[in-house]
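Order of appearance sets the numbers: ligands from 1, and atoms from 1 within every ligand.
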Amino acid sequence: MTFMRKKIFSEKGKVLKMGENELFNVLKEHGQEHIFEAYKKLDNAGKEKLTAQIERIDWSIVSIAGQKDHTQKRGKLEPLSALEVDVIQANKEKYEKQGLEAIKAGKVGAVLLAGGQGTRLGSDGPKGKYNIGITKDMFIFERLIRNLLDVTDKAGCFVPLYVMTSDKNNDETIAFFEEKAYFGYPKDFVKFFKQEMAPSVDFDGKLYMESENSLSLSPNGNGGWFYSMSVTGVLKDVKARGVEWLNIFAVDNVLQRIADPVFVGATLDSGCVSGAKVVRKADPQEKIGVLCLEDGKPSIVEYYEMTEEIINSKDENGQLLYNFGVILNYLFRVDKLEEILSTKMPVHVVEKKIPYINENGEYIKPETPNGYKFELLVLDMIHLLDNCLSFEIVRDYEFAPIKNKTGVDSVESAQALLKKNGVEL
Ligand code: UTP
């Protein structure tokens with residue numbers, strides 16, 4: 001579910017010192033008196049911690065939960081044609097050369113979005129630590145680094161890799177990379193940064209607590225990555241190295257090409273300021289966000305936001321007009337991202353299972369969704385930019401997402417696809 005454009009947080013680093021009275025008034029004003037009851041039972045350190053969390057809440061976001069309609073209003077949708085596989089194949093050499101030149105010139109960096117919680121996979125800890133090996137160990141992070149090494153071996157140089165984590169998994173992620181010697185990638189080319197956190201609420205908009213002195217906070221979605229790069233100072237490294245393009249990718253697609261020179265070259269060649277890898281829909285009803293135009297600008301529209309008429313509309317050759325879905329692998333021009341850095345993005349209100357402590361202090365891990373989390377999504381960045389190259393990939397060669405343990409988009413389906421592509425597991 002989505003809602004209108006609003007900012008998710010108060011500015012990071014803003015020093016706010018709320019007194020007890022003010023704290024009480026703020027909580028009362030927003031119908032959150034139960035948090036003050038919890039606060040009263042804390043020692044000084046606990047009070048300080050909880051106050052600091054409350055000071056950073058953007059109440060305009062929390063109030064969205066109480067509203068009935070969380071859907072985002074869409075503008076006029078039109079199809080956006082893709083650079084299709086046959087055209088890419090015909091120009092592969094040219095694109096690859098152009099892409100490798102940019103990589104060799106140090107202009108391309110990669111950003112691994114690894115701040116998610118992987119709740120569907122049901123494993124505690126970073127998703128990238130998950131072992132998908134069958135006869136030997138093969139961790140998701142390792143598989144991704146090997147994919148990147150395929151490119152850097154060819155280019156003869158390394159690509160800076162920025163890894164986004166969250167408060168929930170940062171230390172464990174770094175420790176794992178250390179333990180595994182960065183899977184053979186040079187440590188100097190890897191930088192970690194933490195994303196922002198957002199509060200969770202129940203269906204009535206009441207803030208959850210996850211321990212006696214802490215609100216229930218969770219990563220604020222994958223859309224705040226560039227803002228987080230900026231506020232954590234990692235963007236300085238991007239600039240210092242002269243990186244002009246960032247390739248953003250999800251942790252869970254173990255087949256994906258990272259800093260793919262053909263994709264980089266084609267995007268440069270197109271003159272677009274961004275690029276998105278897309279797959280042809282398996283069928284019109286496939287549940288995948290479609291890259292199209294909205295009010296003349298590139299946009300990704302979810303399947304549930306489209307009418308049946310739009311979903312099924314075809315061109316004169318019988319091809320679906322809205323036929324290409326995104327796989328969370330994008331290329332962005334850094335200077336354009338800087339221009340939109342302070343632009344507000346839509347906040348998505350998502351129903352989730354949220355562990356919490358109840359009024360008796362008992363820790364509850366719900367079996368079904370019990371409230372909302374607030375997330376920014378990277379796909380919304382595309383609409384803030386003037387144009388985007390839609391770059392088709394072959395699903396079976398580049399798209400093996402791991403969302404679940406079994407079934408669709410699972411460890412099992414990804415293992416089968418990896419084997420099909422000659423990867424030993
Ligand atoms: P998903 O939307 O699949 O979320 O993330 P998830 O947290 O990994 O899994 P579920 O929904 O809890 O089962 C897509 C990509 O965005 C990253 C994830 O790590 C993954 O690479 N992500 C997601 C973040 O980096 N931060 C977030 O807050 C959410």
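- For atom 12 (O) of ligand 1, the nearest protein heavy atom (residue, atom name, distance) is T119 OG1, 2.4 Å.
- Looking only at protein heavy atoms, the nearest one to atom 20 (C) of ligand 1 is L113 O, 3.6 Å.
- Residue G115 has at least one N or O atom closer than 3.5 Å to an N or O atom of ligand 1.
- In K352, the part holding a heavy atom less than 4.0 Å from any atom of ligand 1 is the side chain.
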(message) With salt bridge (charged side-chain N to carboxylate O under 4.0 Å, His left out) as the criterion, how do D409 and R120 come out once you've worked through the C-alpha distance, each side chain's angles and the decisive distance to 0.1 Å?
(response) CA-CA 11 Å; D409 295 343; R120 282 170 284 173; over 6 Å; no
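- In this structure, atom 6 (P) of ligand 1 lies nearest to the protein heavy atom G118 N, 3.6 Å.
- In this structure, the ring of F226 has its center no less than 6.0 angstrom from the ring center of F332.
- When each of N170, D171, T173 is checked for a side-chain hydrogen bond (donor to acceptor under 3.5 Å, both in side chains) with T165, only N170 meets the rule.
- Salt bridge status for D237 with R241: present, with a side-chain N to carboxylate O gap under 4.0 Å.
- Atoms CG and NZ, from D295 and K76 in turn, are 8.5 Å apart once rounded to the nearest 0.5 Å.
- Residue L121 has no nitrogen or oxygen atom sitting less than 3.5 Å from a nitrogen or oxygen atom of ligand 1, judged on distance alone.
- Of the protein's non-hydrogen atoms, R120 NH2, 3.0 Å is the one closest to atom 11 (O) of ligand 1.
- Salt bridge status for R74 with E294: present, with a side-chain N to carboxylate O gap under 4.0 Å.
- Any N or O atom pair closer than 3.5 Å counts here, and E375 shares no such pair with ligand 1.
- Looking at P219 against ligand 1, both its backbone and its side chain come within 4.0 Å, counting heavy atoms.
- Aromatic ring centres of Y330 and F249: separated by at least 6.0 Å.
- The atoms of ligand 1 that sit less than 4.0 Å from any heavy atom of D252 are 3 (O).
- The number of heavy atoms from other shown groups lying within 6.0 Å of CD (E212) does not exceed 12.
- In this structure, E84 pairs ionically with R280, as a charged nitrogen and a carboxylate oxygen lie closer than 4.0 Å.
- Of all protein heavy atoms, the one closest to atom 7 (O) of ligand 1 is Q117 N, 2.9 Å.
- Remark: ligand 1 atoms within the under-4.0 Å shell around heavy atoms of M164 are 25 (O).
- Ligand 1 has no nitrogen or oxygen under 3.5 angstrom from a nitrogen or oxygen of F249.
- Each of the atoms 1 (P), 3 (O), 14 (C) of ligand 1 lies under 4.0 Å from some heavy atom of K403.
- Remark: ligand 1 atoms within the under-4.0 Å shell around heavy atoms of L328 are 14 (C), 15 (C).
- Protein heavy atom at the shortest distance from atom 16 (O) of ligand 1 is N222 ND2, 3.1 Å.
- For an aromatic pair to be called close, the ring centres must be under 6.0 Å apart, and Y130 with F139 fails this.
- A distance-only check finds a donor-acceptor pair linking the side chain of T135 to the backbone of L425 [under 3.5 Å].
- The ligand atoms of ligand 1 that sit less than 4.0 angstrom from a heavy atom of Q195 are 24 (C), 25 (O), 26 (N), 27 (C), 28 (O).
- When G122, S218, G116, G221 are ranked by how near their heavy atoms come to atom 19 (O) of ligand 1, first place goes to G116.
- A salt bridge does not link E244 with R333: none of the charged nitrogens is closer than 4.0 Å to a carboxylate oxygen.
- Residue K127 has at least one heavy-atom neighbour below 4.0 Å for each of these atoms of ligand 1: 8 (O).
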